[in-house]
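Written below as structure tokens is the structure these notes are about.
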Protein chains: 2
Amino acid sequence: MPLGTDYARQDCSLARSLEVVGERWTLLILRDCFWGVRRFSDLQAHLDISRAVLSTRLDALVADGLLTRSGDGHPEYHLTDDGLALWPALYALTQWGEQRTTPGAPRRVFVHVGCGRLGRDGRCTGCGESPSPGDLEIHPGPGADFTVRDDPVSVGLRTPHRLLTPLPAR
Amino acid sequence: MPLGTDYARQDCSLARSLEVVGERWTLLILRDCFWGVRRFSDLQAHLDISRAVLSTRLDALVADGLLTRSGDGHPEYHLTDDGLALWPALYALTQWGEQRTTPGAPRRVFVHVGCGRLGRDGRCTGCGESPSPGDLEIHPGPGADFTVRDDPVSVGLRTPHRLLTPLPAR
DNA sequence: CTCAATCAGTTCGACCATCAGACCAAACCC
DNA sequence: GGGTTTGGTCTGATGGTCGAACTGATTGAG
């Protein structure tokens with residue numbers, strides 16, 4: 001928990017959110033899940049995160065109902081509806097970072113499949129709606145840098161990829 | 001910084017965002033700034049945060065250009081344009097927390113002054129636009145609980161209050 | 001089927017952040 | 001000018017995070 005336990009006495013929904021997704025690494029793990037990453041080792045390799053912390057975070061996300069752990073052998077992690085509902089917040093935070101650091105050259109571009117591009121406000125430039133993540137493709141943008149990482153997830157993102165479908169492709 | 005320094009080698013705008021606003025307490029401090037809190041002691045009393053940490057966070061937010069520190073005597077903290085641009089992300093996270101914990105009874109309701117209410121997607125139910133925070137009023141909602149806190153900021157929020165105007169009123 | 005490699009963690013000790021509380025100097029109030 | 005408030009800093013105790021080593025189950029190759 002990112003907040004002291006006595007923070008339960010704060011009457012604010014943002015604090016409630018941060019108790020679940022405010023810890024170090026948690027939002028980056030969920031971002032990878034939206035992109036389709038499902039395996040422990042892929043998350044670990046892509047995030048350069050300590051295995052101990054990744055294990056703790058995944059346990060917490062499953063306990064909080066944002067992820068499910070499935071499979072009898074090596075588990076796969078999938079977003080629940082509660083997890084999927086986080087997409088607008090995640091996208092808004094990403095856009096804020098993009099606008100601050102590389103305003104003219106986005107690292108990633110999201111495409112509403114068969115329709116238009118996703119604008120900064122999360123609306124499709126084609127239909128004007130806010131597509132659900134499953135209807136989106138992530139494309140490398142002009143600000144992307146392919147030289148920094150060689151893990152399977154980073155490699156898989158060098159070409160367009162439908163969100164929520166397995167990454168790396170198997 | 002919430003992420004290891006070597007995370008500079010990650011090619012992702014979300015990571016960039018989290019390096020600025022991902023630390024414990026930072027988003028709650030900014031939330032208070034949107035509500036109009038400007039003084040060190042008001043933040044400290046409302047958040048129940050250690051003074052040392054609050055001091056560190058405010059320094060970082062000023063250095064990152066999200067807040068300005070003004071006044072020759074006791075300083076006032078104000079949001080910059082970069083800080084104000086965070087509003088959609090902050091609102092989206094708040095709505096996610098509200099939907100998860102108290103779906104039918106929001107703790108706070110935001111009103112586009114003279115127009116309509118703010119929907120879950122940040123659009124006004126009246127005009128359909130996404131108002132900037134300065135055009136919004138925060139009202140206590142049906143899920144608000146006035147019994148938990150008695151600091152000046154909490155008291156000031158028991159009645160409708162225009163965002164970005166001084167809180168507590170002086 | 002056997003054996004090695006991979007996967008999904010757990011454990012460990014070093015290090016860093018956060019906490020509550022004490023302390024302090026400048027600003028403000030009378 | 002003196003006392004109070006404000007806005008911090010400092011300190012020792014506690015808890016989180018780190019990289020690296022270790023482990024046991026699963027999977028794949030032959």
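Keep in mind it's a predicted model, so treat the numbers as computed, not measured. Numbered from 1 within each chain, the chains take letters A, B, ... in sequence-line order.
The CG atom of B:L54 sits 12 Å away from the P atom of C:dT18 (whole-angstrom rounding). With rounding to whole Å, B:I49 atom CD1 is found 9 Å from C:dT18 atom P. Spacing between atom CD1 of B:I29 and atom P of C:dT18 amounts to 11 Å, rounded to whole angstrom units. Whole-Å rounding puts the A:E23 CD to C:dA17 C1' distance at 14 Å. The CG atom of A:L47 sits 14 Å away from the P atom of D:dT17 (whole-angstrom rounding). Summarising the geometry, the separation between CD on A:Q44 and C1' on C:dG9 is reported as 11 Å, rounded to the nearest angstrom.
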- Task: Take A:H139 and A:E137 through the side-chain hydrogen bond (donor to acceptor under 3.5 Å, both in side chains) test and state the conclusion after the steps.
- Result: CA-CA 6 Å; A:H139 291 234; A:E137 259 180 11; 2.8 Å; yes
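For the pair A:W25 and D:dG16, the criterion of a side-chain N or O lying under 4.0 Å from OP1 or OP2 is not met.
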Could you list, one pair per line, each protein nitrogen or oxygen that sits under 3.5 Å from a nitrogen or oxygen of nucleotides 6-13 of chain D, together with the distance?
unit_1, atom_1, unit_2, atom_2, d
D:dT6, O3', B:R39, NH2, 3.4
D:dT6, O3', B:H74, ND1, 3.2
D:dG7, OP1, B:R39, NE, 2.9
D:dG7, OP1, B:R39, NH2, 3.3
D:dG7, OP2, B:S41, N, 3.0
D:dG7, OP2, B:S41, OG, 3.1
D:dG8, OP2, B:Y77, OH, 2.8
D:dG8, O6, B:R51, NE, 3.4
D:dT9, OP2, B:S55, OG, 2.6

Identify all side-chain donor-acceptor contacts of residues 111-123 of chain B below 3.5 Å with residues at least two apart in sequence or on another chain.
unit_1, atom_1, unit_2, atom_2, d
B:D121, OD1, B:R123, N, 3.0
B:D121, OD2, A:R123, NH2, 3.1
B:R123, NH1, B:G128, O, 3.1
B:R123, NH2, A:D121, OD2, 3.2

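In terms of heavy atoms, A:P133 sits closest to A:F34 at CG-CE2, 3.8 Å.
Take B:R100 and apply the salt bridge (Lys or Arg N to Asp or Glu O under 4.0 Å) test, not counting sequence neighbours, and it matches A:D82. The ring-ring contact (aromatic ring centres under 6.0 Å, His included) search around B:Y77 returns none, not counting sequence neighbours. Qualifying side chain to side chain donor-acceptor pair (under 3.5 Å) partners for A:D151, counting only residues two or more places apart in sequence or in other chains: A:R149, A:S154.
Salt bridge annotation for B:D150-B:R158: present, with a cationic side-chain nitrogen under 4.0 angstrom from a carboxylate oxygen. In this structure, A:D59 pairs ionically with A:R69, as a charged nitrogen and a carboxylate oxygen lie closer than 4.0 Å.
Comparing the axis of the opening five pairs of the helix from C:dC1-D:dG30 to C:dC30-D:dG1 with that of the closing five pairs yields an angle of 30°, rounded to 10°.
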